[in-house]
Amino acid sequence: MKELKTDSSSTRRNFLRSGLRLTAAAALCGTGAVLVRKASSQEMVWQLDPALCIQCERCATGCVLPQSAVKCVHSYSMCGYCDLCSGYLQPGARARDTGAESQLCPTGAIRRKFVEPPYFEYTIDEELCIGCGKCVKGCGAFGNGSLYLQVRHNLCENCNECSIARACPSQAWRRVPAHQPYLLRGDEGLRGKRDGKA
Amino acid sequence: MLKGYSYMFPSARTGAALAILCWLGGAWAAWAQIKERFPKPDFQSGYIRPDLQTPAPRSMAWEMADIAVLAAALAAATYLAHRTRSRRSIFLLMIFSLLYFGFFREGCVCPVGSVQNVFLALFTPGYAVPFTVIAFFLLPLAFALLFGRTFCAAVCPLGMMQDVVILKPVRIPGRLADILGAIPYIYLTLTLLFAATGATFLTCRLDPFVGFFRFGATFPLVLFGISMLVLGTVVARPYCRFLCPYGVLLDWMSKLSWRHVKITPGECNNCRLCEDSCPFGAIRTPVLESPPPVGRMEVRRLAMQFLLLPAVVLAAGWAGAELHLVLARMHPVVSLAEEVLAHDAGKSGEVSDPVKAYRASGKPLAELLSEADALQGRFRTGGWLAGGFLGLAFAWKRIHLLVRRKSPWYDLDRGACFSCGRCFSYCPYEKVRLGLIPPDAVPEPPENNNLNGKNHA
């Protein structure tokens, strides 16, 4: 049984093993070096580009969270404050009021408040909003397009591969720098861009 | 307001230039899609427009904390497996990892998925990979190269989910385990191919356990996760052994590990007590009988395998390249191009959402087709590499099966061993080390143990 002794350090097998081990270590270091050169300390987060969004309603159901991290946001600077709001009211609604049967939003997440004649303010209740984008479609079709969908980063898990991005038919989702995590419209958007650059 | 003011009037010229730039660059692109149908109201009542709230992303400090916790957990797992040799401590660390990486950090990013980011970064010039991901990719591999798969023992949240449900593990026959062991290679190859071409992160999409960590997933994934756990009661850690793509890399590293845990703290007398202690089939029985001399047939068979190796690699590579059209459909751009062409040819009645979105974008068809064409070319190259890699792995396994293993004692299959520490307490020498039994109480190996047990010095 002498030939079965394997504990001596100078067998051919051990030599090969050490050589392979060194090769593996070198490969790990090499990969690490290449990666570090490509790395960026800038963290990236997911966002959807409202200019590409087609309001397919997948944002409401595609998220891994039970309640989607996508919500409707409102750029007040673009809003016409219309009484007949196509983002708030059902097409052909019988009355311009806050009745459930008049509202376009399936969860009643838009609040309508009288400001002064003839203007009404619309506010999104994010607790209720499911991110379906029905109001976005309405606002974009007949209004100024001041309602649009955005990932709310206080909710987003920032998954490695966003499952809504996978489901998005218009490839509107992309990674954006974490210090400028929103793609906003109107004055809000311009201000965001400026702050990001500054 | 102040900020805006100082911005507006640094000097008239810069202001004007910036205004023009803004109008040209940002505004035009943004407003092209939006029509200001209704003018902005001029409020008389002193109403002030509310600000749009933009909550910031979660603090990135957590990611730094994750790296620190990962390194600490790996170090602790290694110490507990190698030094303390205490299954109980490893189990407690495992619970901590499950709670922290799984339920608290919700399973993202994990080393298993990081392989994809790494490959995407290596093959896509524009993609910058965050440092957290690099650390998550490299740390467990480095530990495996030094000390074996201690990452699997007590750090990986996916492994821990399965480890806690092992009830009555059955032994998988060696042949079947060999065949099932090919699945992780195929899974790894597809994962890397899809990641490198930017098609999708397959492993993340098919992760069976992340749904548990987040209390939410699609129905098929929940079903997959539950069936993995149910299967896991009898087949110990099925995902780790027969699916995990990262496990392939850990397996390689661990095979070459510098130091690896051993069943016994000292010597082994082939008492066979540990034989059935490993639920993962990582304990190898000794090969004691002096082997018959290497015959001519055996040499010829081995030589044949070596000669066949290039042919197998080439054939598999060719097969992979032939599949590139099918594989490329996983890429959204390629599938969109195919849908658009099918729609133009009048084959599909209903206009799908992607086609609708494409039509609305006004992108010329030629541009889309050339993009898809380039991607299919990448998939052809990728198919060659992926097929070749699988062929090489297959041929290597065949060669490996022909090589005679020599081992006079019970030892661990370093590639398959998770360093979980289950077998330690079965060893009588471990009991002596812990002072539970006196040294002379170590049982003699059974007389008729089919191992020619007494032939060690």
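Here is how names work: the chains are called A, B, and so on, in the same order as the sequence lines, proteins then strands, and each is numbered from 1.
- Of the two parts of C79(A), only the backbone, made up of N, CA, C and O, holds a non-hydrogen atom closer than 4.5 Å to a non-hydrogen atom of chain B.
- When each of N117(B), L206(B), D207(B) is checked for a side chain to side chain contact (heavy atoms under 4.5 Å, CB included) with F201(B), only N117(B) meets the rule.
- Residue E116(A) touches chain B through its side chain alone, counting heavy-atom pairs closer than 4.5 Å.
- No part of E126(A) comes within reach of chain B, as not one of its non-hydrogen atoms sits under 4.5 angstrom from that chain.
- Both the sub-6.0 Å distance and the 45° axial angle are satisfied by R112(A) relative to the ring of F120(A).
- For the set A56(B), G211(B), S352(B), G113(B), the count of heavy-atom pairs under 4.5 angstrom toward chain A peaks at A56(B).
- For CZ of R111(A), the number of neighbouring non-hydrogen atoms (other residues, nucleotides, ligands) closer than 6.0 Å is 12 at most.
- If you measure heavy-atom distances from Q53(B) to chain A, the contacts under 4.5 Å come from both the backbone and the side chain.
- Listed by chain and residue number, F142(A) satisfy the side-chain contact (heavy atoms from CB on, under 4.5 Å) test with S86(A) (two or more places apart in sequence, or in another chain).
- Neither the backbone nor the side chain of L65(A) comes within contact range of chain B, judged by heavy atoms closer than 4.5 Å.
- Of the two parts of V36(A), the backbone and the side chain both hold a non-hydrogen atom closer than 4.5 Å to a non-hydrogen atom of chain B.
- With a threshold of 4.5 angstrom between heavy atoms, V64(A) approaches chain B through its backbone and through its side chain.
- Between F123(B) and F119(B), a ring centre-to-centre spacing shorter than 6.0 Å is recorded.
- For the set I54(A), L20(A), N154(A), L35(A), the entry with the most heavy-atom pairs within less than 4.5 Å of chain B is L35(A).
- Counting heavy-atom pairs closer than 4.5 Å to chain A, the top-ranked of the candidates L138(B), I134(B), V333(B) is I134(B).
- Residues P181(A) and Q47(A) come closest through the heavy atom pair O-NE2, 2.8 Å.
- For F212(B) and F103(B), the ring centers are positioned 6.0 Å apart or more.
- A salt bridge is absent between D49(A) and R185(A): the closest approach of a Lys/Arg side-chain nitrogen to an acidic carboxylate oxygen does not fall below 4.0 angstrom.
- Chosen from Y358(B), F215(B), F137(B), W258(B), the residue pairing most often with chain A at heavy-atom distances under 4.5 Å is W258(B).
- Of the two parts of R166(A), only the side chain, counted from C-beta on, holds a non-hydrogen atom closer than 4.5 Å to a non-hydrogen atom of chain B.
- Neither the backbone nor the side chain of R175(A) comes within contact range of chain B; no heavy atom of the residue lies under 4.5 Å from a heavy atom of that chain.
- Using a 4.5 Å cut-off between heavy atoms, L336(B) touches chain A through its side chain atoms alone.
- Note on E371(B) versus K363(B): salt bridge recorded, some NZ/NE/NH1/NH2 to OD/OE distance being below 4.0 Å.
- Proximity to chain B (any heavy atom under 4.5 Å) is restricted, for T31(A), to the side chain, taken from C-beta onward.
- If you measure heavy-atom distances from C159(A) to chain B, the contacts under 4.5 Å come from both the backbone and the side chain.
- Both the backbone and the side chain of R21(A) come within less than 4.5 Å of a heavy atom in chain B.
- Using a cut-off of 4.0 Å between Lys/Arg side-chain N and Asp/Glu carboxylate O, R94(A) and E101(A) are scored as not salt-bridged.
- For the options P354(B), P41(B), S45(B), C204(B), heavy-atom pairs under 4.5 Å to chain A are most numerous at P41(B).
- Within a 6.0 Å sphere centred on CZ of F219(B), other residues, nucleotides and ligands contribute 12 heavy atoms or fewer.
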